[in-house]
Amino acid sequence: MALAKSDQSGEPRARAVRYYDIDALRVLMTLLLLYYHVGKVFDSAYSHIGNRETSWTLELFTAFIAQWQMPLFFLMAGSATCLALRFRPGRQYVAERIRRLLIPFIFGILVLVPFTVYIERINPSVRRASPIDFNGSFFEFYPHFFQGMYPAGNFSPHHLWYVSYLFVFSLFLLPFFLYLRNHATGQRPIAAFADFISRGRAILLLAVPIALIQVVFSDSYPRSPTGYSFWMNNLQYVAMLVYGYLLVADRRVLGAVERNRRVALAVGLVLAAALIILLNVRDYSAQSAPPLSFTSSLAFWNVITTPRYVVEWTLFASGEWFLLVAIVGYGHQYLNFNSGLLQYASEIAYPFYILHQVFVIVIASYVVQWNAGVAPKFLIISTAALIATVASCEMVKQTGPTRFLFGQKARRKPAPELAAGRAGAEERAA
């Protein structure tokens, strides 16, 4: 995440500054994603493996996180792209995207996701998003994984959809990002954008394009298995990548985010609460079942656009962006420092993302069948999945082939004097 000076051709020279808060936010969001997926086990809206008893508290927890978590991942990825292109030519960036995103995605689709779908299929006694059953071993099931699209069929990227989206969007936007990087052509529009956005509360106006995307495309087709519009998701995430790039392209933009973090947090929380209340009133007035989560209510509500429809999606989009501004602003204020813990967590964050849902689904498939309450089950699943995922990440770090399959850089051999110093430190510690 290092900044570098550029010459007149836009090619990078020397690295200068590192944004540790971007690393820290990525680590924290990846960890939070594990607890989000465990929370979905007790959410009545949508889950691969679900507990019979649901929890309205956990539904609110997952609904609130779902409003901004994946947009934040794309926002941070856009910032990382800006910083990476400061000291990488376009060809090297493409090669790294293939190594870091495409190869782990293919590996996950061929090895990890089939096993999680298999676990769902052999557990007919638990609540599941897809009710298809299978009797037999994993190796007997494996050929069936490629039959039909989940949930009606078996094939699915599951949580690895983010990796594939990020790969495609990164390559799609690369010419635009290279244009912005070029000192002769790109600095002028970046400077103009920073001049405007750094004034007063102007940074909050970036919610308007997101709201327009969600209002216009939320009811369009095709739809993902979770009910969201394909076009709404794609356009929103592309916008977040661009926002993330611009966030660190000029220091004034990030400064505006940090200055507005308090008001963004306050207004974002109010908008999120207003949306929940509005959707609860709507669901009860329609004499429907008790409301699930505001995200699922929005996703599955297919109606012709009405004023209320516009209000609900505008509240959703505005609350999303304001909360993102608050999170990034507070992160830059309090998390922009290095530590040994951050270095360790940053190294395993990506394999943690790839592996965590496998352990959540496997462990949950057993725990949900126990005669216990929601709270102890949530604690057991999350703790066991956390320990198993971290332990697996440690195993991934140990060999070159596993590091390659999980998108990590090859382990560098320390210089002789560094190795000697490390050996001396180990002896003193012993």
Is it the case that more than 12 heavy atoms not belonging to F193 sit under 6.0 Å from its CZ atom?
-> yes
Is the number of heavy atoms from other residues, nucleotides or ligands within 6.0 Å of CZ (F134) greater than 12?
-> yes
For the ring pair H48 and H37, is the centre-to-centre distance below 6.0 Å?
-> no
Expected list for residues 239-249: side-chain donor-acceptor pairs under 3.5 angstrom, two or more places apart:
{"from": "Y243", "atom 1": "OH", "to": "L206", "atom 2": "O", "distance (Å)": "2.8"}
{"from": "Y245", "atom 1": "OH", "to": "F177", "atom 2": "O", "distance (Å)": "3.2"}

For residues Q343 and Y20, is any side-chain donor paired with an opposing acceptor at under 3.5 Å?
-> no
R252 and A191 have their tightest heavy-atom pair at NH2-O, 3.4 Å
Should we count CZ of F172 as having more than 12 external heavy atoms under 6.0 Å?
-> no
Spacing of Y330 atom OH and L25 atom CG [to the nearest 0.5 Å] | 13.5 Å
R97 side-chain N/O to F167 backbone N/O, donor-acceptor pair under 3.5 Å = no
Atom OG1 in T116, atom NE2 in H158: separation rounded to 0.5 Å?
-> 4.0 Å
Using the benzene-type ring in the case of Trp, are the ring centres of Y118 and F145 under 6.0 Å apart?
-> no
Working to the nearest 0.5 Å, report the span between CG of N182 and CZ of R188.
-> 12.0 Å
Search all heavy atoms of V215 against all heavy atoms of T314 and return the closest pair with its distance.
-> CG2-OG1, 3.8 Å
Return yes if a side-chain donor-acceptor contact under 3.5 Å exists between R127 and N51, otherwise no.
-> no
Going by the angle between their ring planes, with limits at 30° and 60°, are W68 and F64 parallel, tilted or perpendicular?
-> perpendicular
How about F115 and Y142: are their ring centroids closer than 6.0 Å?
-> no
Give the minimum heavy-atom separation between H356 and L33, together with the two atoms involved.
-> CE1-CD2, 3.7 Å
Could you pull out the closest heavy-atom pair between L34 and F352, with the gap in Å?
-> CD1-CZ, 3.7 Å
Quick one: do Y237 and W161 satisfy ring pair (Phe, Tyr, Trp, His ring centres under 6.0 Å)? Show the steps, please.
-> CA-CA 12 Å; Y237 294 145; W161 68 266; 5.7 Å; yes
Would you kindly check if the NZ (Lys) or CZ (Arg) of R100 is within the cone defined by 45 degrees around the ring axis of Y350 and under 6.0 Å from the six-membered ring centre?
-> yes
Who passes salt bridge (charged side-chain N to carboxylate O under 4.0 Å, His left out) against E96, sequence neighbours left out?
-> R88
Carefully, step by step, assess Y162 and F73 under the rule ring pair (Phe, Tyr, Trp, His ring centres under 6.0 Å).
-> CA-CA 9 Å; Y162 166 72; F73 270 112; 5.5 Å; yes
Measure from the ring center of F61 to the ring center of Y35 and say whether it is less than 6.0 Å.
-> no
Heavy atoms of N336 and D21 approach each other most closely as OD1-OD1, 3.2 Å
